[in-house]
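The structure appears below as structure tokens.
Remember, it's a predicted structure, so these values are computed and weren't measured experimentally.
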Amino acid sequence: MDYNLNPNQYEAVLHKEGPLLVFAGAGSGKTRVLTHRMAHLLESGVNPYNILAITFTNKAAREMKERVSILSQEGDRCLVATFHSACVRILRREIERLGYSTRFSIFDATDSERLIKDVVNELNLDEKFYPPKLVASVISTQKNELISVDEFYQISAGDFRMTHIADAYELYQQRLKTMHALDFDDIISRTVEVLEIPEVLEFYQNRFQYIMVDEYQDTNTAQYRFVSMLAGKRQNICAVGDDDQSIYGWRGANIKNILNFQKDFPNARIIKLEQNYRSTQTILDAANNVVGNNINRSEKILWSDKGKGDKITVYMADDDRDEANFIIKTIKSKITKGAKHSDFAILYRTTAQSRTVEDAFVMSGIPYRLYGGTRFYERMEIKDILAYLKILDNPADGISLERIVNVPRRKIGDISISRLKLYASERNISLFEAMQEVESIETMGKSATAQIGNFVQMLRNFIDFSLENTVSALMNKILDETGYIEYLQDGTFEAESRIENIQEFYNKTQEFGESVGEDALSMFLEEVALVSDIDNYEEGADTVSLMTLHSSKGLEFEEVFIVGFEENIFPSYRSLEGGAEKFEEERRLCYVGITRAKQSLYLTHARQRMYHGKIISNAISSFFKEIPEEFYELAHLKKPILSPRGVAKLNRDKKPINPYINKIPAPTDKELTFVVGDRVKHLKYGAGEVLEITPGGADYEVTVKFDRVGVKKIMAFFSKLALENKQD
DNA sequence: AAAGAATGGCTTTTT
DNA sequence: GCCATTCTTT
């Protein structure tokens with residue numbers, strides 16, 4: 001077979017039995033190795049049924065599956081899945097052994113935080129001292145580390161605060177169980193629990209005889225245990241990863257899993273892939289130099305035969321707006337020389353930084369796509385509909401029930417709900433069961449009793465309907481009978497987009513197909529819980545990509561801008577305070593960012609910028625000093641004189657403020673650039689015509705008739721209203 | 001119960 | 001500066 005692989009890749013592909021660890025540097029063809037190895041196993045007679053390949057994202061799983069299927073006819077019969085979906089598969093078969101229903105619900109982070117909040121209150125803990133977010137994260141850490149409630153009590157002995165969190169952990173687990181719900185962490189840790197039963201373990205060890213793990217550096221303790229238990233018998237584990245790209249330590253990823261692989265699998269073969277097929281040597285030299293400062297790593301040096309290429313461009317901007325301006329100018333000029341929009345990516349450390357950049361793109365008219373932000377299934381309206389579906393699938397799911405009991409409004413208020421919850425917890429029954437017994441709750445008001453009765457009747461109706469109909473028919477019925485769409489409709493632009501989302505979700509239920517009944521509903525919900533990729537990366541779209549450094553992992557672009565290359569931002573101030581380990585992770589993030597670039601890399605920083613509502617000044621990133629001078633040059637830009645960010649005028653009548661430390665009011669010493677009758681553009685509302693301009697306070701109130709959303713009154717400077725076809 | 005005002009908080013977010 | 005959450009008001 002002619003695979004066109006380099007010798008190291010080839011060796012990894014041919015390795016069949018026994019543990020194998022592949023250190024795959026950025027751009028070294030790791031997916032290629034993984035897929036070819038699978039194809040090779042199949043070709044040498046391994047049954048596809050015995051192969052398991054595990055990834056972290058659905059996207060990676062899909063890609064791998066596609067690529068294996070091209071190489072081998074039997075490719076798509078292998079199980080290629082994310083950790084979570086592989087574990088859910090096992091749990092659907094085995095979880096009854098742990099006392100859970102097979103129809104368990106999956107709680108996302110929002111659901112579990114709500115439950116934790118309830119739990120904290122129920123334990124009479126002050127939310128100020130035990131913020132649900134913090135409690136959630138402590139509990140999550142324990143689960144990732146496979147630390148049980150009992151063990152956590154032991155660890156916490158003597159620390160009353162931790163002991164209280166242990167109380168919360170205990171009650172939370174108890175509540176999850178009565179709700180037949182698993183959070184994301186449970187999906188892994190409960191699978192490990194079930195694999196501790198010898199006959200179960202044996203079954204899956206025989207089933208999965210060859211195991212491949214992608215992005216091994218990102219595995220947490222529970223995931224590691226899952227994999228090593230499965231591989232325990234035959235030791236046929238092939239882990240592929242790059243310790244230098246471990247950037248999810250804060251989510252429990254344990255870099256020791258990759259660095260100590262040899263200790264855990266003593267006969268492991270180790271192969272390093274250091275030839276990079278992506279970037280110029282200059283970019284790799286910069287990346288190597290930066291990450292080479294890390295102590296805790298396995299030494300490797302990326303090289304490429306693509307030649308030196310251009311030097312890295314370092315640009316010092318006056319402020320964040322000038323920084324954005326530099327990006328726009330540079331991209332525009334490259335576009336005129338034949339570059340495509342999709343060649344460019346803008347990477348930033350924090351999501352908050354996207355705004356300034358996005359504003360500049362909106363103004364410039366360059367097509368862009370912003371990655372991240374609120375995911376589709378996390379949108380309020382989608383979560384509401386999902387809550388309806390979830391409660392029908394698993395009526396014990398009190399979190400979903402509570403979410404929609406009064407949405408749309410049906411006059412079941414907070415007080416009635418707390419009475420129900422009290423009744424339920426006193427009797428250790430579910431919220432839904434309590435609702436069914438509403439007649440016997442003495443404290444309940446007459447009207448509420450009637451409303452709750454109606455609501456229960458409606459849900460029962462839905463449940464009956466769900467047994468014999470498709471998911472999309474069910475959704476239709478729910479929308480219809482609850483009046484959900486009308487509830488959303490309030491004439492705003494936002495409502496319109498929510499309704500569009502509902503429509504999109506409805507399409508999704510239709511795509512799911514014609515299968516009918518409770519299993520169909522369960523499967524649909526599972527898919528939705530574990531697949532977050534609906535508004536996904538459109539491969540063909542010719543747009544600039546804007547995203548965080550974290551979400552850029554695994555992607556590549558001809559030209560990459562890393563913005564906000566400043567101390568306190570990147571590295572973030574938290575990582576500077578957090579000790580060597582945190583800082584090294586930050587440095588790896590820098591390595592990830594740099595190695596996204598194929599041809600050109602731009603690092604930009606600003607003399608001052610708006611941050612948390614204040615103007616701040618940061619020194620250039622300490623990572624900059626780790627790049628030898630020979631690899632970069634400083635850029636100069638002929639720039640137009642930007643109007644200064646106005647100061648002080650608004651405050652003339654009020655007490656004077658120090659412009660350097662205080663909030664900056666909207667400027668009024670600026671003139672409007674448009675008059676009545678002009679066409680203008682608004683970030684959210686799009687284009688429209690100016691009907692009226694009224695000077696008011698620090699800004700101008702402008703009445704605009706928008707093409708899409710009708711007449712609105714807008715504060716001109718505040719909302720950055722601008723002439724429609726304004727260039728730069 | 002809903003709308004409006006005040007408060008606080010704030011890295012990163014594969015599932 | 002922006003957002004989500006909580007508090008206050010009607």
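Residue contacts for A:T350: at a heavy-atom cut-off of 4.0 Å it reaches the sugar-phosphate backbone alone, with no base atom in range. Residue-level contact check: A:K133 touches neither bases nor backbone, having no heavy atom under 4.0 Å from any strand. Looking at heavy-atom distances under 4.0 Å, A:Y248 makes contact with a base. Base contact: A:E586 has a heavy atom under 4.0 Å from a base atom. No contact: A:D185 has no heavy atom under 4.0 Å from any strand.
Cation-pi geometry between A:R369 and A:Y371 is met: under 6.0 angstrom from the ring centre, within 45 degrees of the axis.
In this structure, A:T351 does not reach the B:dT11 phosphate: none of its side-chain N or O atoms is under 4.0 Å from OP1 or OP2.
Between A:D414 and A:L549, the one whose closest nucleotide on DNA chain B sits nearer the 5' end is A:D414. Comparing A:K128 and A:W250 by the nucleotide of DNA chain B whose heavy atom lies nearest to each, the residue mapping closer to the 5' end is A:K128.
Between A:K383 and A:D111 there is a salt bridge, with a side-chain nitrogen of the basic residue lying less than 4.0 Å from a carboxylate oxygen of the acidic one. Salt bridge A:D318/A:R607: present, at least one basic N to carboxylate O contact under 4.0 Å.
Nucleotide B:dT11 is shown with a syn base, its glycosidic torsion being within 90° of 0.
Side chains of A:E381 and A:N501: a donor on one and an acceptor on the other come within 3.5 Å.
Remark: the A:R574 side chain and the B:dT11 base include no donor-acceptor N/O pair separated by less than 3.5 Å.
Going from atom CG of A:L134 over to atom P of C:dT5 covers 17 Å, rounded to whole Å. Rounded to whole angstrom, the span from the NE2 atom of A:H612 across to the P atom of C:dG1 amounts to 13 Å.
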